[in-house]
Amino acid sequence: MAAAPPVTVRVMSTSETTAPAVPEGVPEAAPSVVLPRFAEALRELGLAGVAARVRKFPEATRTAEEAAAAVGCELDAIVKSLIFAAHGLPGAEGPVPVLVLLDGASRAGLDQVRDALGATKVTRAKADLVRETTGYAIGGVPPFGHRTRTPVLADRRLLAHPEVWAAAGTPHTVFPMAPADLVRHAGATLVDVREPTA
């Protein structure tokens with residue numbers, strides 16, 4: 001079956017939408033191309049209007065630092081969507097992919113993720129498991145709209161911001177959303193999974 005063509009979306013100016021103004025010195029994003037899988041996920045969640053807020057940048061925003069610089073926001077207002085493999089979950093045979101949502105300034109603590117899930121061990125997922133589970137490459141994994149439904153954990157610190165920015169399916173695209181809405185649409189459980197700082 002042939003893949004559906006990408007859906008082209010015009011990014012509205014700040015006078016046409018509630019999207020935040022682009023800070024001085026940060027180039028306006030080019031018209032966005034929303035991947036069909038992500039566009040469909042937005043429609044299924046009743047979020048089709050979010051597609052108009054997706055920003056595409058000429059340079060990849062694979063890391064939280066790159067995304068924050070491109071958007072012009074604080075590093076901890078970026079949402080990282082990380083896939084882990086949880087081992088020893090009750091009732092599961094073999095490792096189970098788990099999505100962890102966390103702010104861009106923090107690192108996920110493996111012990112904290114393990115304890116939140118009740119697993120015996122948690123490891124970082126390899127690139128092939130990330131793509132197989134989500135349908136997206138590392139650096140472009142959105143917080144929802146994945147190929148496979150997985151358990152989702154969201155760190156409470158995300159709620160400290162009025163708005164956060166998450167990947168929109170590619171390393172070049174991001175979108176803004178209120179963090180409580182993002183957590184709800186991702187079906188996430190709020191937990192504390194940040195790696196403790198020294």
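All of these numbers come straight from a predicted model, not from anything done at the bench.
- One hydrophobic cluster, built from ILVMFWY side chains closer than 4.5 Å, cannot hold both L102 and V79; they sit in different ones.
- Residue-environment remark: CD (E65) exceeds the threshold of 12 foreign heavy atoms within 6.0 Å.
- Each of L101, D115, L82, L153 was compared with V193 under the side-chain contact (heavy atoms from CB on, under 4.5 Å) criterion, and only L153 meets it.
- Salt bridge present: R53 and E163 bring a charged side-chain N and a carboxylate O closer than 4.0 Å.
- Note on ring orientation: taking the six-membered ring where Trp is involved, the planes of F144 and F38 are parallel (angle under 30°, cut-offs 30° and 60°).
- No side-chain donor-acceptor contact under 3.5 Å links H87 to the backbone of V122.
- At most 12 heavy atoms of other shown residues, nucleotides or ligands fall within 6.0 angstrom of atom CZ in R149.
- Here R114 pairs with D111 in a salt bridge; the nearest charged N to carboxylate O distance falls below 4.0 Å.
- Looking at every heavy atom in both residues, A154 comes nearest to A188 through CB-CB, 3.7 Å.
- L182 approaches A166 most closely through the heavy-atom pair CD1-CB, 4.0 Å.
- The closest donor-acceptor contact from the side chain of Y136 to the backbone of G145 lies under 3.5 Å.
- R107 contributes atom CZ, which lies 12.5 Å from atom OG1 of T197 (distance to the nearest 0.5 angstrom).
- Side-chain contact check for I78 versus V164: every heavy-atom pair is 4.5 Å or farther apart.
- Both M177 and V34 are assigned to one and the same hydrophobic cluster, defined by single-linkage of ILVMFWY side chains at heavy-atom distances under 4.5 Å.
- Residue L117 comes nearest to A86 through the heavy atom pair CD1-CB, 3.8 Å, listed as atom of the first residue, atom of the second, then distance.
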Check step by step if side-chain contact (heavy atoms from CB on, under 4.5 Å) holds for D128 and R131. CA-CA 5 Å; D128 57 343; R131 188 177 282 280; 6.0 Å; no

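- The side-chain heavy atoms of L158 and L190, taken from C-beta on, include no pair separated by under 4.5 Å.
- No donor-acceptor pair closer than 3.5 Å links the side chain of D76 to the backbone N or O of A105.
- Annotation: the span from T123 atom OG1 to I83 atom CD1 amounts to 12.0 Å, rounded to 0.5 Å.
- Hydrophobic clustering of Ile, Leu, Val, Met, Phe, Trp and Tyr side chains at less than 4.5 Å, counting indirect connections, keeps V100 apart from L75.
- Applying side-chain contact (heavy atoms from CB on, under 4.5 Å) to T134 and the options V141, L129, L99, T150 leaves one that passes, V141.
- Contact check on D103 versus K80 returns no salt bridge, with no Lys/Arg side-chain nitrogen under 4.0 Å from an Asp/Glu carboxylate oxygen.
- Proximity of S106 to R157: side-chain heavy atoms (C-beta onward) are separated by under 4.5 Å at one or more points.
- Using a 4.5 Å heavy-atom threshold, the side chains of P143 and F175 count as touching.
- In this view, R37 satisfies the salt bridge (charged side-chain N to carboxylate O under 4.0 Å, His left out) rule with no residue, not counting sequence neighbours.
- Rounding to the nearest 0.5 angstrom, the gap separating the NZ atom in K56 from the OG1 atom in T173 is 8.0 Å.
- In plain terms, the two heavy atoms of P151 and V96 that are nearest each other are CD-CG1, 4.2 Å.
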Please walk me through it: do T133 and H146 pass side chain to side chain donor-acceptor pair (under 3.5 Å)? CA-CA 7 Å; T133 301; H146 298 177; over 6 Å; no

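- One hydrophobic cluster, built from ILVMFWY side chains closer than 4.5 Å, holds both L89 and L110.
- Using a 4.5 Å cut-off on side-chain heavy atoms (C-beta onward), H161 and C73 make no contact.
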